[in-house]
Amino acid sequence: MIFIRDTRSENSYANYLENRKYELPAYIDNTSDLTCATMTMCLGLEYTEKKGYLYGRTMLADIFAPIPFIPSIIKNTIFDGERVSTGRILSDEVGLSKESGVGTSAVVDVYMNFGVIAVILLFLVFGY
């Protein structure tokens, strides 16, 4: 992926390299794409250790998304009109405002809701 990033035909990455104000060592520059994913995994792990699993709360409205009006009804009745997501929970946990936030990945979402076994089983199914 690093090779693809460095050699792609668009000039956006080349322009970024020319215009940045400081030079990072190659080992940091080549692995910097992983820092956000690693941070959210650590935050999700820490949150789950402190407060326990969410048991599907953040996925409930999404599961019923194909059915008209059901996600809105779930959001308004169960969650008092607030959209519950792992990204919002982690952003609140670290004290970020509503305008900015912590993004999450599918691994963090599944882990915060159901744990390690669910991550392993779900991604085995996805891989298959």
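All residue numbers refer to positions in the sequence shown, counting from 1.
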Does the side chain of Ile89 come within less than 4.5 Å of Met112's, by heavy atoms?
yes
Checking Asn113 against Thr58: is there a side-chain donor and acceptor pair closer than 3.5 Å?
yes
State, with a plain yes or no, whether a side-chain heavy atom of Phe64 is found less than 4.5 Å away from one of Met59.
no
Run through Asp92, Leu54, Thr86 and flag the one making a side-chain contact (heavy atoms from CB on, under 4.5 Å) with Tyr47.
Leu54
Determine, using the 4.5 Å side-chain heavy-atom cutoff (strictly less than), whether Val116 and Val125 are members of one ILVMFWY cluster.
no
Which heavy atom of Ala65 sits nearest a heavy atom of Pro71, and at what distance?
CA-CG, 3.5 Å
Working to the nearest 0.5 Å, report the span between CG of Leu43 and CE of Met39.
5.5 Å
Once you round to the nearest 0.5 Å, how far does CD of Glu93 lie from CZ of Arg88?
12.0 Å
Here the gap from Tyr53 atom OH to Phe114 atom CZ, rounded to the nearest 0.5 Å, amounts to 11.5 Å
Flag if over 12 foreign heavy atoms under 6.0 Å of CD1, Ile117:
no
Nearest-0.5 Å distance, CE of residue Met41 to CD of residue Glu46:
15.5 Å
Closest heavy-atom pair, Pro68 versus Pro66, reported as atoms and distance to 0.1 Å, is CD-O, 3.5 Å
Separation between NZ of Lys50 and CG of Leu45, rounded to the nearest 0.5 Å
11.0 Å
Nearest-0.5 Å distance, CD1 of residue Ile70 to CD1 of residue Ile63:
13.0 Å
Apply the side-chain contact (heavy atoms from CB on, under 4.5 Å) test between Val108 and each candidate in Thr48, Val119, Leu90; give the one that qualifies.
Leu90
Tell me whether Leu121 is reachable from Phe126 by hopping between hydrophobic residues (I, L, V, M, F, W, Y) whose side-chain heavy atoms are closer than 4.5 Å.
no
